[in-house]
Protein chains: 4
Amino acid sequence: MAEKMRAVRKVRPGPGLEITEIDIPRIKPNEVLVKVRATSICGTDVHIYKWDAWSQSRIKPPITIGHEFCGDVVEVGSEVRSLKVGDFISADSHIFDGTCHVCRNGQPHICQNLVIFGVDTNGSYAEYVAVPETSAWKNDPDLDPAIGSIQDPLGNAVYAVLCEPITGKSVAIFGDGPIGLFAIGVARASGASRIYHIGKYPARIAIGKQMGTDVAINVADGGVVERIMDDTHGLGVDVAIEMTGNQTAVDESLAVLRKGGRWVAFGIPSQPITIDLNKSVIFKGITIYGINGRQLWQSWMQMQGLFRAGFDPSPVITHRIKLDEFQKGFDLMTAADRQAAKIVMYP
Amino acid sequence: MAEKMRAVRKVRPGPGLEITEIDIPRIKPNEVLVKVRATSICGTDVHIYKWDAWSQSRIKPPITIGHEFCGDVVEVGSEVRSLKVGDFISADSHIFDGTCHVCRNGQPHICQNLVIFGVDTNGSYAEYVAVPETSAWKNDPDLDPAIGSIQDPLGNAVYAVLCEPITGKSVAIFGDGPIGLFAIGVARASGASRIYHIGKYPARIAIGKQMGTDVAINVADGGVVERIMDDTHGLGVDVAIEMTGNQTAVDESLAVLRKGGRWVAFGIPSQPITIDLNKSVIFKGITIYGINGRQLWQSWMQMQGLFRAGFDPSPVITHRIKLDEFQKGFDLMTAADRQAAKIVMYP
Amino acid sequence: MAEKMRAVRKVRPGPGLEITEIDIPRIKPNEVLVKVRATSICGTDVHIYKWDAWSQSRIKPPITIGHEFCGDVVEVGSEVRSLKVGDFISADSHIFDGTCHVCRNGQPHICQNLVIFGVDTNGSYAEYVAVPETSAWKNDPDLDPAIGSIQDPLGNAVYAVLCEPITGKSVAIFGDGPIGLFAIGVARASGASRIYHIGKYPARIAIGKQMGTDVAINVADGGVVERIMDDTHGLGVDVAIEMTGNQTAVDESLAVLRKGGRWVAFGIPSQPITIDLNKSVIFKGITIYGINGRQLWQSWMQMQGLFRAGFDPSPVITHRIKLDEFQKGFDLMTAADRQAAKIVMYP
Amino acid sequence: MAEKMRAVRKVRPGPGLEITEIDIPRIKPNEVLVKVRATSICGTDVHIYKWDAWSQSRIKPPITIGHEFCGDVVEVGSEVRSLKVGDFISADSHIFDGTCHVCRNGQPHICQNLVIFGVDTNGSYAEYVAVPETSAWKNDPDLDPAIGSIQDPLGNAVYAVLCEPITGKSVAIFGDGPIGLFAIGVARASGASRIYHIGKYPARIAIGKQMGTDVAINVADGGVVERIMDDTHGLGVDVAIEMTGNQTAVDESLAVLRKGGRWVAFGIPSQPITIDLNKSVIFKGITIYGINGRQLWQSWMQMQGLFRAGFDPSPVITHRIKLDEFQKGFDLMTAADRQAAKIVMYP
């Protein structure tokens, strides 16, 4: 095996990324070495690329970024029992310690000592990546590597949609980022009765329709609440999933929720949010789930099960490029028209 | 309105049914009068037709039988608030009192004082039927009346499949009666990952495939447990649903269930069943649900939601005949080849 | 039976209440007539007494107020099946229709067409009151009538504390109104591991200790968050129950909640609340329950079960007076020192 | 530190145990060495002592047995992060791999590759024992070591009683082994409304009363079903927990369960059990939980929380002896009068 590999890295503080040649990672006894087949671009990667305030406080260059990927196990640590050379795996980006109170309570995805792949450790924008056994997920061998690489964000959608049963229920999904679009598909594949999608970019709303939207509303057209309340004969929806972090979307998603419904907080607001607890939460008797990450490993099991049932998230994957073309990928991700949704890169 | 109507009745103890002319029911203040659009034949009706031991102890002729139906409200009792003339409704066959401990605990489908439609009261094999408001379910106006009439048994399947989330899970369904076939479709529409169907009549197994079976096994071919364990790589299925009441099916459905899985008891055995509690229940750490009826009204909501999502149970409806042809329907239901699954009759 | 009775009423718009003589209610076929044994004063009654903005928009005088009570059935409507003369009953103040979508979904306590006892109908500050069968709850015959009368607010506490299991969990209860004090007792009786009580009136905090507080904090002393985080070794509590409607209490109750914990919104804010969804809800992965009313009838069953287990909420009942002394009761309820918690009146 | 220690071992196939001097265990990088403070006798240990058929097929002498214990960490493996010298710990006897499908589904207590402490590995009847970090549980420092040692069986009771909420519910507990007696206490501490205890040894039934039984029934007196049905006014109990493995107890515990109730299968039958699925499971609409082990680590959290709330299981600990007196302990465990319940041994 070669000793060097190409990797896309934040080599020093400041905007941008560089492709460089570095040593192939040496694995610890509890890790496997993975030859990356595909790795995709997350909004978090764009934050790091831009070197925004959050990145400046969190990222310690030099570091290889990237946390959405799949690949083949090429070397296995001495203590690893459940994986072998040749396994086709992905990883969850939430590396948990397994021993804190929250992990032991069955919630490792929000471990008290969470370490994020490609943020706090060297990530997957490279030919090889080291993965702890406890973070690895074995894919079905025939899974398209492009889909294999986007399971981390797809898993977010799975958790957000399925944190309570959705079958036979109506759902309004606010937001047209890739995870919002995935959520539409998950809801459709899980038997949701009627799916309302509220977005703002026509290209994304169009992908949403491919994923299964019944009623698409562009916020530019207004009347979000009225249209949904009319269509539900005044009842409102069973489930509202907020994936924008925007105050107006919070207000509208709560307004269209029926009494006793479920509201999912997923979109990350950039500032505190105001909520009329009386009217929107207490008198309505609703339940709210704050969703971060994916259930380890129930969300992955559900996702794999949906693949086996024929669920295809590929309409959300708008571009497939080489890792060497990463700059093009980041240009697309920041383009004003949001023609790109999910971009997969092949090393 | 006419004062007389045709009805198919058990007019006296003994086998068979007769079509007769009787008075149109007079409704009570809390009832509506329904002009029946379609009514379907249940296995329970066949028991009554044959006048078996159970029927002899339970049925008090003369009585109009039939409890699966839909129709239009033509008259509304003085205390009824939620229905009006012209509504297209069905009814749940489990008439509950609403005040017993079990009803008040949120389980009216197993009310302590349950009265069964068309068994303990005059039923739907007629031009008109009286329905208590608390038992009525408003259908979407464009629902095919044939489907409208089979919601009672379809709702059984909905409850059996969805008593815990099924999305992304593997499931083995034992039994090829109409409810077993419906269960396949419900599992498919709800995103089950892989569906194993175990039956014994080729005609029924074929319908199962139309409803969504991935792996069909005819018990005549043997190897049920081996085939499922092989296909699941030795893990077993997440969910096993027993819809035959047969000891062998009980044994096999428990054998193919994974550790920590869910087992559903639905099929009515004709004699006590032997279970190895140690191996099959305790050390496996499984959960068992005894399922009777349908959750009022959550199962109906899920069913309506699945219809709105495009779920179509009509492959199970093999025959559509006139109510006057009821004799042909019962002949088909008791034919050895089980070519008929669900038979809908139009008054 | 007499034809007239004494009742405490809002006879015309404006502050105050009057005791008057009016006709004993005539019951409908689905109601029972109850001779009131005890009726207690709710904060809502104080709002009506004061004739605040909410009261002016909602209450239509003349009306007998009061919705917390117990008494003996003295007359039974013709359609009532589950009650008989001599039964000792209470009622839930949330009168539901039983046929709306939300009721049929198992959530009648937040019925889409909710009618509130003693707010929208004539209530229990009287010698007799008419109660719909569907709203009546049969008490154990030996229940202290004072306790019988306070089950509506105690049931609020039962629902707020037990909407998820509390056994073995730590809980912080913010608020020292009667329902907050009841909540302490319910948590204690249900096996909560450690109970933090945050209040502001020394008299109420003292009652909280009688109910089972482990760690009492007066907000005047400050350091609420620090004290709880220290005591939980930095983890935070499993459950936080917000019963004040105050922005600071919302902030602090979210701050002391552990990752993956449960937050209960119960206190009614007088204005919109600001929440840092990122930090407090999403990254923490918490679940929020908006609680209004009591589960019908599961909360009542739990409450009755707790009584049978020996649970005694009577320390919260600070005063027992005659209904004729209602003015004294309202004076106590509005006194600055909050020496009074729950006041029970006997007609 | 010494290099040798005393240990009670099965040194060769055949009945009995011997105390011998062996090397103190050398720990692996992921283990800690524990100086045992207390270790208690489980029924499983009695099986091994007697060398019954199960033992002969499972146990590979020489081996130190014992799996219920607590002690102090005296040495820490190089990869252990969550424990340090001086920690006072216990361990769960179910050693799980953490990577199998069932573990990753949140059910490690029934891991597909389960290894049992003191059965498949050297156990705790010794001065020192090696414990994997993933199996260790940190006790509160002031916990009585006798109680510290019995948490494995007490945890069984916690899981059996609390696998669904018990607060405010009635429960019938069949069986008077130590875990049955613990279950009574757990139900009482968790707010169960009324506790029926069905046993056969007067000494054990007496301990049950100390733990909180409301109604004790000795099977020798007969009338189990009648007495419980009478006392519940014909409704039956909300929860029945079968902890004997006996056919009659299975029958009776199902007979006294109300419609829609919960049945827990815990007692290990020595032969297949016959169940009337129709009458007892399906038409009643009950839920059955097969319980093995304890939820990792939710049951331990609940148990620790109950200790903090004041729950005291010590009445079940009838004898406290030295480890050197182990022979006396096993004599007591096999005595016909069952005066002994739980026996704690101090090395």
Side-chain angles (χ1 to χ4, degrees), chain A residues 94 100-103 105-114 159-160 163-164 169 232-236 238 242 245 247 250-251 254 257-293 295, chain C residues 94 100-103 105-114 159-160 163-164 169 232-236 238 242 245 247 250-251 254 257-293 295:
Chain A
H94 284 207
C100 74
H101 182 89
V102 171
C103 279
N105 195 38
Q107 302 162 308
H109 63 292
I110 47 170
C111 171
Q112 292 174 258
N113 306 303
L114 209 56
Y159 186 21
C163 60
E164 279 189 357
K169 294 193 175 171
T232 58
H233 308 291
L235 176 66
D238 295 311
E242 206 305 290
Q247 177 75 55
V250 168
D251 293 344
L254 284 166
L257 188 61
R258 74 160 169 83
K259 274 188 146 184
R262 174 193 12 145
W263 193 73
V264 175
F266 183 87
I268 306 291
S270 52
Q271 51 199 16
I273 288 294
T274 299
I275 292 178
D276 182 339
L277 278 186
N278 287 7
K279 188 178 148 191
S280 300
V281 177
I282 297 172
F283 285 119
K284 265 193 174 172
I286 70 168
T287 307
I288 298 176
Y289 291 85
I291 296 291
N292 181 238
Q295 279 196 297
Chain C
H94 284 207
C100 74
H101 182 89
V102 171
C103 278
N105 195 37
Q107 303 163 306
H109 63 293
I110 47 170
C111 171
Q112 292 173 257
N113 305 303
L114 209 57
Y159 186 21
C163 60
E164 280 190 355
K169 295 193 175 171
T232 58
H233 307 291
L235 176 66
D238 295 310
E242 206 304 290
Q247 176 76 54
V250 168
D251 293 344
L254 284 166
L257 189 61
R258 74 160 170 83
K259 275 188 146 185
R262 181 212 338 164
W263 193 74
V264 175
F266 183 87
I268 306 291
S270 52
Q271 51 198 13
I273 289 293
T274 299
I275 292 179
D276 183 338
L277 277 185
N278 286 8
K279 187 178 148 192
S280 300
V281 178
I282 297 171
F283 286 118
K284 266 193 173 172
I286 70 168
T287 307
I288 298 177
Y289 292 85
I291 297 291
N292 180 238
Q295 279 196 296

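So that the names make sense, note that chain A is the first sequence line, chain B the second, and so on, each numbered from 1.
- Here NZ of C:Lys169 is found 6.5 Å from CG of A:Asn105. Values are rounded to the nearest 0.5 Å.
- Interface remark: of the candidates C:Ile273, C:Thr274, C:Thr287, C:Ile273 forms the most heavy-atom pairs closer than 4.5 Å to chain A.
- Interface remark: C:Cys100 contributes no atoms to any contact with chain A (heavy atom separation under 4.5 Å).
- In this structure, the portion of C:Ile286 lying under 4.5 Å from any heavy atom of chain A is its backbone and not its side chain.
- Residue contact with chain C, scored on non-hydrogen atoms closer than 4.5 Å, involves the backbone and the side chain of A:Ile275 alike.
- Ranked by heavy-atom pairs shorter than 4.5 Å toward chain A, the options C:Ile268, C:Asp276, C:Ile291 are led by C:Ile268.
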- request: Carefully, step by step, assess C:Asn278 and A:Gln271 under the rule side chain to side chain contact (heavy atoms under 4.5 Å, CB included).
  value: CA-CA 9 Å; C:Asn278 286 8; A:Gln271 51 199 16; over 6 Å; no
- request: In sequence, state the C-alpha distance, the side-chain angles, and the governing distance for C:Leu235 and A:Gln112, and then conclude on side chain to side chain contact (heavy atoms under 4.5 Å, CB included).
  value: CA-CA 9 Å; C:Leu235 176 66; A:Gln112 292 174 258; 3.4 Å; yes
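- Counting heavy-atom pairs under 4.5 Å between each of C:Ala265, C:Gly285, C:Pro269, C:Pro272 and chain A puts C:Pro269 at the top.
- The shortest heavy-atom contact between C:Ile110 and A:Phe283 is CG2-O, 3.9 Å.
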query: What's the verdict on side chain to side chain contact (heavy atoms under 4.5 Å, CB included) for C:Lys259 and A:Gln107, showing C-alpha distance, side-chain angles and the deciding distance?
result: CA-CA 9 Å; C:Lys259 275 188 146 185; A:Gln107 302 162 308; over 6 Å; no
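- The contact between A:Cys111 and chain C is made entirely by backbone atoms, counting heavy-atom distances below 4.5 Å.
- The part of A:Lys284 that comes within reach of chain C is its backbone (N, CA, C, O), which places non-hydrogen atoms under 4.5 angstrom from that chain.
- Contacts between C:Ile282 and chain A at a heavy-atom distance below 4.5 Å involve backbone atoms as well as side-chain atoms.
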